[in-house]
Amino acid sequence: MTKKRATLIGLLAVLLWSTMVGFIRAVSEGLGPVGGAAMIYSISGLLLIFTVGFPRLRAIPRHYLIAGSVLFVSYELCLALSLGYANTRQQAIEVGMVNYLWPSLTILCAILFNGQKSTLWVVPGLLLALVGVCWVLGGNNGLNIADIQRNIISNPLSYALAFAGAFIWAIYCTVTTKYAKGANGITLFVLLTAATLWVKFALTPQPTMLFTLPVVVKLVMTGIALGFGYASWNIGILHGNVTVLAAASYFTPVFSSALAAFVLSAPLSFSFWQGALMVCAGSLLCWWSTRQVA
């Protein structure tokens, strides 16, 4: 495995993950928010068993095993359910954009808890990402407080789950960096996510799962994209150019929104794209602030 080839495989993960918002929402419309997510993570978990393999539990540091399991499962539940519970397809894409605060928040957590050095440019980076999300939530009027409040009040659960998920994933990344020590528990974590969703599906009232051909096709594509995404990212991080992969991952909000708009046939306003670019620029500025430290 050459470094160039591993980097290209890692970049494939960014593209695959960019399909998640659109595909998860599409599957949830046919199978329900909980049932659809449970099916997706079940397929992804089985795929990861054959690609990444199931980890030896004794080889995983205990702190990473416990904290990583709880944080990963919590994040995936927040992401999948926030998209599934969105009132409309356009709102699902907006909710996905709120989730993409995590790159900036990851830098913040690394500074606060892992001793990551950075310059003061991280502050305007965080503010720009936050303003970008607010710009998206303002709809056609951009940074309009009344419209932002009206949008959030229309579906507080989805937006709260997405916002919480952004923080949870940032903490997960911080915990992984600090405690994993090279161990990779992704297969276990995905299977635990699937099991948790199936428990929720069994214990709470759920809509009927309608397995139409379009839904089944999107379900399989989503499961494959999620599973191969994690497998590809693992190869890229281990053998590729991590700097290139990190920089590319910060453009995921734009890629994700474009693909979601295509998959869901949900046109997005010019104001939305302005906000999305702000989120990307803010994330890149946070990342750049850590690169300027000698």
Side-chain angles (χ1 to χ4, degrees), residues 17-38 40-41 73-106 129-145 147-170 172 193 197 200 207 218 222 225-226 250-269 271-280 282-283:
W17 285 337
S18 296
T19 66
M20 288 296 99
V21 170
F23 280 155
I24 290 176
R25 173 64 189 189
V27 172
S28 70
E29 290 179 354
L31 305 183
V34 178
I40 289 170
Y41 286 98
V73 172
S74 299
Y75 168 73
E76 298 296 346
L77 290 178
C78 286
L79 175 62
L81 297 182
S82 67
L83 297 172
Y85 289 143
N87 293 331
T88 65
R89 291 179 169 184
Q90 284 85 354
Q91 189 176 76
I93 300 175
E94 292 178 3
V95 166
M97 188 57 62
V98 174
N99 171 72
Y100 284 120
L101 280 172
W102 71 259
S104 301
L105 294 174
T106 299
L130 183 59
V131 169
V133 168
C134 292
W135 201 282
V136 166
L137 299 184
N140 294 329
N141 296 321
L143 198 61
N144 185 295
I145 301 301
D147 287 345
I148 293 172
Q149 291 178 335
R150 191 179 303 111
N151 202 356
I152 294 175
I153 291 173
S154 71
N155 191 350
L157 178 59
S158 280
Y159 287 112
L161 286 171
F163 193 65
F167 276 95
I168 292 170
W169 190 252
Y172 170 81
T193 303
L197 285 163
K200 180 175 175 57
K218 290 173 182 175
T222 310
L226 185 63
Y250 293 140
F251 288 97
T252 306
V254 171
F255 299 151
S256 176
S257 300
L259 289 171
F262 174 76
V263 171
L264 299 175
S265 300
L268 302 172
S269 67
S271 179
F272 177 95
W273 292 113
Q274 288 177 314
L277 289 173
M278 289 181 196
V279 174
C280 291
S283 299

Straight-line distance of Cys78 SG to Ile168 CD1, nearest 0.5 Å
4.0 Å

So how far is it from Leu130 CG to Trp135 CH2, rounded to the nearest 0.5 Å?
13.0 Å

Sequence-distant partners of Phe23, ring pair (Phe, Tyr, Trp, His ring centres under 6.0 Å), two or more places apart:
none

Note, Asn99 side chain near Val95 side chain (heavy atom, < 4.5 Å)
no

Going by heavy atoms in the side chains, are Met97 and Leu137 under 4.5 Å from each other?
no

Correct closest heavy-atom pair for Gln91 and Thr88 would be N-OG1, 3.1 Å

What verdict does the side chain to side chain contact (heavy atoms under 4.5 Å, CB included) test give for Gln90 and Leu264, after you've listed the backbone C-alpha separation in whole Å, the side-chain angles of each residue and the deciding distance to 0.1 Å?
CA-CA 9 Å; Gln90 284 85 354; Leu264 299 175; over 6 Å; no

Taking every heavy atom of Pro103 against every heavy atom of Tyr100, the minimum-distance pair comes out as CD-O, 3.0 Å

Taking C-beta and beyond as the side chain, do Ile40 and Ile24 meet within less than 4.5 Å on heavy atoms?
yes

Is Leu81 close to Lys200 at the side-chain level, that is, under 4.5 Å between some pair of heavy atoms?
yes

From Leu197 CG over to Leu77 CG, what is the distance, rounded to the nearest 0.5 angstrom?
5.0 Å

Tightest non-hydrogen contact, residues Gly84 and Pro33, listed as O-CG, 3.7 Å

d(Ser265 OG, Arg89 CZ) to nearest 0.5 Å is 6.0 Å

Flag the pair Trp273 / Val254 as yes when at least one side-chain heavy-atom distance between them is below 4.5 Å, and no otherwise.
yes

Enter the distance from Thr106:OG1 to Leu101:CG here, rounded to the nearest 0.5 Å.
10.5 Å

Side-chain heavy atoms of Tyr85 within contact of Val34, under 4.5 Å
yes

Shortest non-hydrogen contact from Val279 toward Pro253:
CG1-CG, 4.2 Å

Can you tell me how far the CD atom of Glu94 sits from the OG atom of Ser82, to the nearest 0.5 Å?
12.5 Å

Describe, in one word, how the ring planes of Tyr75 and Trp169 are oriented to each other, choosing from parallel (under 30°), tilted (30 to 60°) and perpendicular (over 60°).
tilted

All heavy atoms of Gly96 vs all of Leu83, minimum pair found to be N-CD2, 4.1 Å

Start with the C-alpha distance between Tyr41 and Thr222, add both sets of side-chain angles, then the distance that settles side chain to side chain contact (heavy atoms under 4.5 Å, CB included), and finish with yes or no.
CA-CA 9 Å; Tyr41 286 98; Thr222 310; over 6 Å; no

Do Val133 and Phe163 come close enough that some side-chain heavy atom pair is under 4.5 Å?
no

Close side-chain approach of Tyr172 to Ser74, heavy-atom, < 4.5 Å:
no

Write down the atom of Ala276, the atom of Val136, and the distance for their closest heavy-atom approach.
N-CG2, 3.9 Å

Under a 3.5 Å distance rule, please check whether Arg25 uses its side chain to pair with a backbone N or O of Ala86 as donor and acceptor.
yes

Residues Leu143, Ile148; criterion side chain to side chain contact (heavy atoms under 4.5 Å, CB included); working and verdict:
CA-CA 8 Å; Leu143 198 61; Ile148 293 172; 4.2 Å; yes

